[in-house]
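In what follows, every heavy atom counts, from backbone to side chain, and hydrogens, waters and symmetry copies are set aside. For the single chain, residues carry numbers from 1 onward in sequence order.
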Amino acid sequence: MAPRTVLAVLFDGLQSLDVTGPLEVFAGAALLSPGAYRIRTASLDGAPVRTTSGLTLLPDEPLAGAKDPDILLVPGGPGSLRPDPRLVDWVRERGPRAARLVSVCTGAAVLAGAGLLDGRRATTHWAYCDRLAREHPAVEIDPDPVYVRDGHISTSAGVTAGIDLALALVEEDLGRDAALTIARHLVVFLRRPGNQAQFSAQLAAQTAQREPLRDVQRWITDHPDADLSVDTLADRARLSPRHFARAFRAETGMTPGRYVDRVRLEHARRLLEDTADGVEEIARTSGYGTPEAMRRAFVRTLGTPPAEYRRRFRPATTP
């Protein structure tokens with residue numbers, strides 16, 4: 001195929017991994033398939049930029065002189081939350097010309113500031129979703145997914161999600177085997193699908209303050225196949241069902257049922273990824289009871305049935 005140009009926008013206060021993570025994916029693809037990608041970096045004046053970790057990056061060229069790329073990558077970091085107006089103007093003018101416009105982490109704030117996300121669905125780092133939604137009400141912010149693709153514009157969550165998104169783009173260009181090879185080379189354990197939640201169930205929910213509720217959280221995680229009805233969990237916490245449900249939501253940020261659903265889905269995903277267990281056994285040990293119940297949960301949350309999830313995201317067992 002003809003080389004695809006990847007242009008990464010650099011600015012002071014960017015998070016280095018937001019740039020280097022995706023670019024390592026494209027660089028790996030270029031080694032695997034010579035000529036597949038041509039990587040360039042550019043800053044407003046062509047001057048070096050300083051990242052949040054103290055690294056200094058030397059761009060290839062000034063943005064004003066950069067040719068329109070196939071993939072335009074806008075990283076995140078504090079500098080993207082208060083960008084130079086000239087950077088926003090440049091992205092507003094040149095972003096629509098790119099075949100793919102990609103943001104990593106809070107780089108979505110630059111795209112939103114340029115008006116390029118209006119009327120679109122997007123995501124960013126979980127800690128900034130509320131802020132982005134408040135400052136840009138015309139953008140539909142989804143705080144859950146690792147990345148979101150809406151037309152030619154793709155936005156991703158924090159830091160390593162940019163690697164997941166870059167791998168998805170490489171898979172689209174070069175095929176699944178190429179993306180898996182690059183993932184293994186980078187020692188990325190699993191390429192996450194875009195609609196996978198940014199957090200595990202345990203991280204998505206706050207840790208309850210009271211010990212009985214923390215005990216219930218641990219019990220759910222360790223026993224996804226048990227009876228996890230509100231009545232049973234309330235009895236374990238020695239609270240009435242109504243009091244338990246109200247206290248659990250107040251202290252964890254989600255209902256008991258929502259927490260149980262996340263734990264069971266996460267448990268089933270891990271077994272599909274890491275074991276050769278059959279779907280029926282996984283459904284039973286994950287608390288779904290039947291393969292059909294597990295299939296409905298996967299399709300509803302991840303948009304794909306368990307068998308297809310395993311085919312796409314289980315790491316290869318041989319080098």
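Residues T124 and T155 have side chains not in contact (no heavy-atom distance under 4.5 Å, counting atoms from C-beta outward). At a threshold of 4.5 Å between non-hydrogen side-chain atoms, the residues L169 and R100 count as touching. Using a 4.5 Å heavy-atom cutoff, the side chains of L7 and E61 are in contact. Q15 has its side chain out of reach of H125: every pair of non-hydrogen atoms, C-beta onward, lies at least 4.5 Å apart.
Under 4.0 Å is where a charged nitrogen must lie from a carboxylate oxygen, and between R86 and D45 at least one such pair does. Under the 4.0 Å criterion applied to side-chain N and carboxylate O atoms, E266 and R262 are not assigned as salt-bridge partners. A salt bridge between E308 and R295 is absent, with no side-chain N of the basic residue lying under 4.0 Å from a carboxylate O of the acidic one. Salt-bridge annotation for D261 and R300: absent, with no side-chain N of the basic residue lying under 4.0 Å from a carboxylate O of the acidic one. A salt bridge between R121 and D142 is present, with a side-chain N of the basic residue lying under 4.0 Å from a carboxylate O of the acidic one.
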- Task: List the steps, then state whether side-chain hydrogen bond (donor to acceptor under 3.5 Å, both in side chains) holds for S286 with H267.
- Result: CA-CA 6 Å; S286 299; H267 186 267; 3.0 Å; yes

- Item | Audit row: V170, L32, side chain to side chain contact (heavy atoms under 4.5 Å, CB included) steps and yes/no | CA-CA 11 Å; V170 168; L32 188 66; over 6 Å; no

- Item | side chain to side chain contact (heavy atoms under 4.5 Å, CB included) between T5 and K67, intermediate numbers included | CA-CA 9 Å; T5 302; K67 295 182 179 178; over 6 Å; no

- Message: For a side chain to side chain contact (heavy atoms under 4.5 Å, CB included) check, start with the C-alpha distance between Y259 and T221, then their side-chain angles and the critical distance, and finish with the verdict.
- Response: CA-CA 10 Å; Y259 188 78; T221 301; 3.7 Å; yes

- Item | Steps toward side chain to side chain contact (heavy atoms under 4.5 Å, CB included) verdict (V104, Y147) | CA-CA 9 Å; V104 181; Y147 59 82; over 6 Å; no

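Heavy atoms only, all atoms of each residue included: V91 and L116 are closest at O-CD1, 3.5 Å. Listed here is the closest heavy atom pair of A157 and P145: CB-O, 3.9 Å.
Atom OH of Y128 has 12 or fewer neighbouring heavy atoms from other residues, nucleotides or ligands inside a 6.0 Å radius. Surrounding CZ of R92 are more than 12 heavy atoms belonging to other residues, nucleotides or ligands, all under 6.0 Å away. Within a 6.0 Å radius of CZ in R258, other residues, nucleotides and ligands contribute 12 heavy atoms or fewer. At most 12 heavy atoms of other shown residues, nucleotides or ligands fall within 6.0 angstrom of atom CD in E280.
Side chain of R94 to main chain of A66: a donor-acceptor pair is present (N/O by atom type, distance under 3.5 Å, no hydrogens or angles). No donor-acceptor pair under 3.5 Å is formed between the side chain of T106 and the backbone N or O of L81.
The only member of T51, L87, L63 that meets side-chain contact (heavy atoms from CB on, under 4.5 Å) when paired with F11 is L87.
Checked by atom type, the side-chain pair D225/T285 shows no donor-acceptor distance below 3.5 Å. With hydrogens and angles left out, the side-chain atoms of Y288 and R264 include no donor and acceptor closer than 3.5 Å. Remark: the S229 side chain and the D227 side chain contain an N/O donor-acceptor pair separated by less than 3.5 Å.
Using a 4.5 Å cut-off between side-chain heavy atoms of Ile, Leu, Val, Met, Phe, Trp and Tyr, with links allowed through other members, L73 and V88 fall into different hydrophobic clusters.
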